[in-house]
Each structure stands twice: as C-alpha cells, then as structure tokens.
Amino acid sequence: MASVSAPHNEKCPRCGSGLVDLEWRERINPQEAQELWRCWNCKREFITAVASDGIEPSVAEIAEPFFTNLLV
C-alpha cells in the first residue's frame with residue numbers, strides 16, 4: 001500500500017503518538033471520505049471520517065499536471 005504525505009492533526013488512539021502516516025483515502029460519497037492511518041510507534045491502523053466540500057475536481061484539473069502540452 002503506497003503512503004501519502006499530508007499535513008494532519010491525527011494522533012494514534014492507542015499510544016497517543018503523532019507519528020502517524022496516511023496510508024489510504026477513499027471517497028464514500030461527495031460529502032465524506034475515509035482515511036486509513038498507520039502509527040509508526042505501535043504499528044496500529046485506524047480509520048477516520050473526513051467531511052468535504054462536495055466539489056470534485058474535473059478531469060481536466062486532474063489530467064493537466066500529468067499531461068502537459070508537448071507541442072513545440
């Protein structure tokens with residue numbers, strides 16, 4: 001599972017460590033996403049729910065950083 005770096009305020013519910021890493025994010029619906037976190041200290045995984053603004057990026061906004069204009 002790939003790791004994603006993101007600023008966060010999450011702490012491990014088991015040991016209280018702030019050394020947690022966002023492992024995975026899944027959009028449940030336009031208003032909510034779930035995130036899977038892993039603690040570096042005790043190795044526990046836990047899930048948080050995150051509310052979002054409901055505005056999803058367009059295909060152009062997603063593709064533009066990856067497919068730049070290659071015409072010279």
Side-chain angles (χ1 to χ4, degrees):
M1 198 179 307
S3 179
V4 178
S5 297
H8 60 81
N9 297 327
E10 297 301 324
K11 293 193 183 288
C12 178
R14 176 184 286 163
C15 70
S17 172
L19 295 173
V20 295
D21 200 23
L22 180 60
E23 293 282 327
W24 172 75
R25 176 180 281 161
E26 177 183 20
R27 183 167 294 281
I28 305 302
N29 57 48
Q31 291 79 32
E32 186 178 13
Q34 286 186 341
E35 299 175 332
L36 173 67
W37 298 88
R38 179 169 302 176
C39 178
W40 288 13
N41 190 38
C42 69
K43 308 299 185 224
R44 179 175 184 198
E45 293 180 342
F46 60 97
I47 295 175
T48 58
V50 179
S52 68
D53 58 10
I55 301 170
E56 294 191 28
S58 69
V59 172
E61 290 173 324
I62 294 170
E64 187 171 341
F66 299 104
F67 303 108
T68 59
N69 187 351
L70 298 177
L71 296 176
V72 179

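Quick caveat: nothing in here was measured; it's all calculated off a predicted structure.
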### Query
Closest heavy-atom contact between C12 and V20?
N-CG1, 3.9 Å
### Message
To the closest 0.5 Å, what do you measure between CZ (R44) and CZ (R38)?
### Response
12.5 Å
### Summary
Heavy atoms of K11 and F46 approach each other most closely as O-CZ, 3.7 Å
### Query
Side chains of W37 and T48: is there a donor and an acceptor less than 3.5 Å apart?
yes
### Query
So, does D21 use its side chain to make a donor-acceptor pair with the main chain of E23 at under 3.5 Å?
no
### Considering all heavy atoms, the nearest C42-R14 contact
SG-CD, 3.8 Å
### Message
Once rounded to the nearest 0.5 Å, what's the spacing between atom CD1 of I28 and atom CD of Q34?
### Response
4.0 Å
### Query
Out of curiosity, E35 CD to E26 CD, how far, rounded to the nearest 0.5 Å?
11.5 Å
